[in-house]
> 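Sharing a structure with you now.
A quick note: this is a predicted structure, and the numbers were derived from the prediction, not measured.
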Amino acid sequence: MRDATADPAALSAALLDWYDRHARALPWRVGPAERKAGVRPDPYRVWLSEIMLQQTTVAAVTAYFHRFTRLWPSVDALAAAEDGAVMGEWAGLGYYARARNLLKCARVVTGEHGGVFPDDHAALLALPGIGPYTAATISAIAFDRPETVMDGNVERVVSRLYDIHTPLPAAKPELHALARALTPAQRPGDHAQAMMDLGATICTPRSPACGICPLRDPCAARAAGTAPLLPRKAEKKAKPVRQGSVYIARRADGALLLERRPDKGLLGGMLGWPGSDWGERVEEAPPVAAQWQVLPGEVRHTFTHFHLILQVRHAEVEAGSAPERGAFLGQDAFRPSDLPTVMRKAYDLWRSGAAHGPGRAD
DNA sequence: GACCCGTGGTG
DNA sequence: TCACCAAGGGT
């Protein structure tokens, strides 16, 4: 199915020419004009952005990237941060193991590499939270190494360029070999970013803009009319529905009962309301003795592999009450933005009900 | 390879 | 409303 006229050097040249004219301006990016003028990206910012961008859109990442770089302008500054502060700033971005590994990685770079990111693939791969994709991307973008970057964008672009119908993930080795042949010796960093920009703006998952694509002539899927159908993917399993409950206790002074979740597992390391496990139909004793009231309504939330329906309970507790789980956090120390989204939804449900007082209709 | 791990946008 | 999707990594 390969187009014999699709010379890799010509493809790469056409792609770089398009990138020079249409590169997205991104907060962590050194654009093609600056790069040609000799400007080099800050490896810390490249690394931070790549971790944030794992399975996450540019639109979602941008505000987080600005906050993180303002609070912690260097890897040394980040390494010195408190765990809770970093987890709180990451709240809402998801995949919280990334934040835990972000801190681990910063502390290794500071403690074992003198605060300087290593510039070789193997050393990068050995760092927490950096896998094959991120190691290759940091090498290419931060150090302009001729690494082959294989993310979801590149898989899509290459599968269409060569009209590959093998479903993912089985197609990965084949796609990687094809992508490697496209990687140029000159400007590999810009090439990697050009592939991603093409995938994000032209060669999109649905209704790709083939008419204005710089690779439309050599593209095999464009010729075959199969571009919108690629890449094919293995079927996914259905998500089961789980249920559970959380307890929001407020002390007279306004302090709220919260707990730090264990590092492993769902929402690991994040702040949350004490509650039951989540499963078929779980009931559990409250974290503190009180008159618990079931709030009207429910929280619905979807995780990677299940749907959750959450019942929210609330109680006003006495000043001296000793909780069996969690700890009371003072009004001034509690920021709703520190909560992962599902816990934030529970908080919002309680607050929206409290605003209307008891006896609310729904 | 299989499974676990979040979230918000989108059609 | 809902399934799909996004600059993946760890186990």
> Using heavy-atom distances to pick each residue's nearest nucleotide on DNA chain C, tell me which of A:Lys264 and A:Thr57 is more 5'.
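This one resolves to A:Thr57.
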> Return the value, rounded to whole Å, for the distance between atom CD of A:Gln54 and atom P of B:dC4.
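Spelled out: CD on A:Gln54 to P on B:dC4 is 20 Å.
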> What's the CD1-P distance between A:Ile138 and C:dG8, to the nearest Å?
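So the two atoms are 13 Å apart, to the nearest Å.
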> Measure from NZ or CZ of A:Arg351 to the centre of the six-membered ring of A:Trp273, then state whether that distance is under 6.0 Å and the direction lies within 45° of the axis.
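Output no; distance or angle outside limits.
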> Under 4.0 Å between any heavy atoms, over every strand shown, what does A:Lys104 touch: base, sugar-phosphate, or nothing? Just pick one.
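The answer is nothing, as A:Lys104 stays clear of every strand by at least 4.0 Å.
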> Could you tell me if A:Glu50 and A:Tyr133 have a donor-acceptor pair between their side chains, going purely by distance under 3.5 Å?
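Yes, A:Glu50 and A:Tyr133 have a side-chain donor paired with an acceptor closer than 3.5 Å.
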> What nucleotide among B:dC5, C:dA7, B:dG9 has an atom nearest to a side-chain atom of A:His305?
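Within the option list, the nearest is B:dC5.
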> Check the distance between C:dG10's C1' and A:Arg100's CZ and give it to me in whole angstrom.
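Between C1' of C:dG10 and CZ of A:Arg100: 10 Å.
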> Need to verify one output field. Residue with the more 5' nearest nucleotide on DNA chain C, A:Ile141 or A:Arg206?
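Between the two, 5'-proximity favours A:Arg206.
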> Taking donor-acceptor contacts at under 3.5 Å, does the side chain of A:Arg24 reach the base of C:dA7?
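Yes.
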> Thinking salt bridges, do A:Glu155 and A:Lys172 make one under a 4.0 Å N-O criterion?
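A salt bridge is present here (some side-chain N lies under 4.0 Å from a carboxylate O).
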> Is A:Thr56 side chain donor-acceptor paired with the B:dG6 base, going by distance under 3.5 Å alone?
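Donor-acceptor pair under 3.5 Å: yes.
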> Below 4.0 angstrom, N of the basic side chain to O of the carboxylate: do A:Asp338 and A:Arg335 qualify?
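Between A:Arg335 and A:Asp338 there is a salt bridge, with a charged N closer than 4.0 Å to a carboxylate O.
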> Rounding to an integer number of Å, can you tell me how far A:Phe303 CZ sits from B:dG8 C1'?
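Value for this atom pair: 14 Å.
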> Can you tell me how far P of C:dG9 sits from OH of A:Tyr96, to the nearest Å?
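Answer to the nearest Å: 19 Å.
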> Given atom CH2 of A:Trp90 and atom C1' of C:dG9, what is their separation to the nearest angstrom?
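A:Trp90 atom CH2 is separated from C:dG9 atom C1' by 12 Å.
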> Before accepting this row, confirm whether a basic side-chain N of the pair A:Asp83/A:Arg107 lies closer than 4.0 Å to the acidic partner's carboxylate O.
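A:Arg107 and A:Asp83: salt-bridged.
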> With DNA chain B as reference, determine whether A:Pro340 or A:Ala170 sits nearer its 5' end, using the nearest nucleotide of each.
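The residue whose closest nucleotide sits nearer the 5' end is A:Ala170.
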> Would a hydrophobic clustering, with Ile, Leu, Val, Met, Phe, Trp and Tyr connected at side-chain separations under 4.5 Å, put A:Leu295 with A:Leu339?
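Yes, same cluster.
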> Could you tell me the separation between the CZ atom of A:Arg98 and the P atom of C:dA6, rounded to a whole number of Å?
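Between P of C:dA6 and CZ of A:Arg98: 15 Å.
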> Which residues in residues 61-79 of chain A have at least one heavy atom lying under 4.0 Å from any atom of DNA chain C?
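The answer is none.
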> Is it the case that more than 12 heavy atoms not belonging to A:Gln186 sit under 6.0 Å from its CD atom?
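Counting neighbours around CD of A:Gln186, 12 or fewer heavy atoms of other residues, nucleotides or ligands fall under 6.0 Å, so no.
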> Within residues 118-134 of chain A, find the residues that approach DNA chain B with a heavy atom at under 4.0 Å, and present them sorted by residue number.
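Going residue by residue through residues 118-134 of chain A, none turns out to have a heavy atom under 4.0 Å of DNA chain B.
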